[in-house]
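Down below is the structure, laid out as structure tokens.
Being a predicted model, the structure only gives us computed values, none of them experimental. Just the heavy atoms: all of them, side chains too, but no hydrogens, waters or symmetry mates, feed the values below.
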Amino acid sequence: MPRPFVTLSVAVSLDGYIDDTIPERLYLSNDRDFDGVDMLRAECDAILIGAETVRRDNPRLWLRSAERRAARAASGKPENLLKVTVTRSGDISPDAKMFHHHIDAGKPLVYTTTEGAEKIGDRLDVVARVIAITDQDFWGAVLDDLGDRGVERLIVEGGTHIHTAFLEAGLADELRFAVAPLLIGQRDAPRFVNPAEFPGGSRRRLEFLDATVLDDVVVLRYRPKNTSVVPPGS
């Protein structure tokens, strides 16, 4: 089966952070942007976040809009998306909200390494399906498995390590990049991506799709697999 079409969705501050170091969750987006993300989720089959995001934010990963849930059900789809997380270390709690809220699409999937699966043991058996990846191409194997499960569109919502991995491996088909009017400026706060060797290097320009202004948030869309064509002399 073909791999899913992968959309990375992230909200960042003006200085490139996705959160601050204060324990309470920082909401970078506004109501219109949250609704835009909800709309994008409704078009997908599965949603993926990293275990660090599960531990830090503990999200439910559901569709907020009752109308969108109803529309999915009317089309023969589950009301909510299949939930997916990744933990190489196996450090994830069975009490996480993603395992207990709005799981009409089936048991959430937990991708991990052989060592991670050994650490998890049977702790998640009741609430999730644990899949140990032995292939050297870890992220490609994750997408292959999701494709085999019928996932055609996947939305990836972070965090830093996850976004870095997808972009470094050249596996992201689209990037939805929401810029919020905040300056975080905290050295230890998480950024959008870590240092990495991205395809094409530091001079490669991604193909720009469009920009949308949602009150004080600007949403930019790019195609990371494509390169923009810069007119000669520009």
Side-chain angles (χ1 to χ4, degrees), residues 1-19 28 33 36-37 40-41 43-53 81-82 84-89 109 111-113 116 131-149 151-180 184 189-212 218-234:
M1 296 293 291
R3 291 177 175 178
F5 183 94
V6 177
T7 300
L8 305 189
S9 177
V10 64
V12 303
S13 64
L14 289 171
D15 50 347
Y17 292 93
I18 60 172
D19 202 351
L28 289 158
D33 183 48
V37 172
L40 176 58
R41 286 184 178 185
E43 297 170 352
C44 295
D45 304 301
I47 180 169
L48 184 151
I49 61 172
E52 178 60 30
T53 302
L81 287 71
L82 174 65
V84 184
T85 189
V86 177
T87 170
R88 289 180 178 271
S89 68
L109 306 180
Y111 291 100
T112 186
T113 60
I131 302 160
I133 299 294
T134 58
D135 197 304
Q136 271 194 320
D137 180 13
F138 183 90
W139 294 103
V142 168
L143 292 185
D144 287 337
D145 188 75
L146 288 172
D148 289 343
R149 295 174 189 275
V151 174
E152 296 180 357
R153 292 184 63 92
L154 172 69
I155 180 171
V156 177
E157 296 192 6
T160 303
H161 296 295
I162 303 297
H163 282 144
T164 304
F166 272 92
L167 289 168
E168 185 175 29
L171 296 175
D173 296 286
E174 186 172 309
L175 170 61
R176 185 188 189 278
F177 193 79
V179 183
I184 305 300
R191 290 184 173 273
F192 167 43
V193 292
N194 289 319
E197 294 185 10
F198 297 113
S202 61
R203 303 300 175 93
R204 177 173 172 260
R205 304 174 73 89
L206 307 186
E207 181 186 357
F208 171 73
L209 293 177
D210 58 49
T212 305
V218 179
V219 177
L220 307 170
R221 291 172 58 241
Y222 296 91
R223 286 199 177 117
K225 291 183 179 179
N226 297 346
T227 300
S228 66
V229 178
V230 180
S234 63

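- Tyr17 approaches Leu28 most closely through the heavy-atom pair O-CD1, 3.8 Å.
- Shortest non-hydrogen contact noted between Pro190 and Thr160 is CB-OG1, 3.8 Å.
- Remark: Arg176 pairs with Asp33 by the salt bridge (Lys or Arg N to Asp or Glu O under 4.0 Å) rule, at least two apart or across chains.
- Note that CZ of Phe166 is 13.0 Å distant from CG of Leu175, once rounded to the nearest 0.5 Å.
- Remark: Arg221 engages Asp210 in a salt bridge, criterion side-chain N to carboxylate O under 4.0 Å.
- Thr164 places a side-chain N or O within 3.5 Å of a backbone atom of Asn194 that can act as its donor or acceptor partner.
- For the residue pair Arg204 and Thr227, a side-chain donor N or O sits within less than 3.5 Å of a side-chain acceptor on the partner.
- A salt bridge is defined here as a Lys NZ or Arg NE, NH1 or NH2 lying under 4.0 Å from an Asp or Glu carboxylate O, and Asp137 with Arg3 meets this definition.
- In this structure, Glu157 pairs ionically with Arg41, as a charged nitrogen and a carboxylate oxygen lie closer than 4.0 Å.
- In summary, Arg223 and Asp173 do not engage in a salt bridge, as defined by a charged side-chain N under 4.0 Å from a carboxylate O.
- To the nearest 0.5 angstrom, Leu209 atom CG is 10.5 Å from Leu220 atom CG.
- When all heavy atoms are compared, the tightest approach of Lys225 to Ala172 is CG-O, 3.3 Å.
- Shortest non-hydrogen contact noted between Ala189 and Ile184 is CB-CG2, 4.0 Å.
- In this structure, the side chain of Thr85 engages the main chain of Ile49 through a donor-acceptor pair within 3.5 Å.
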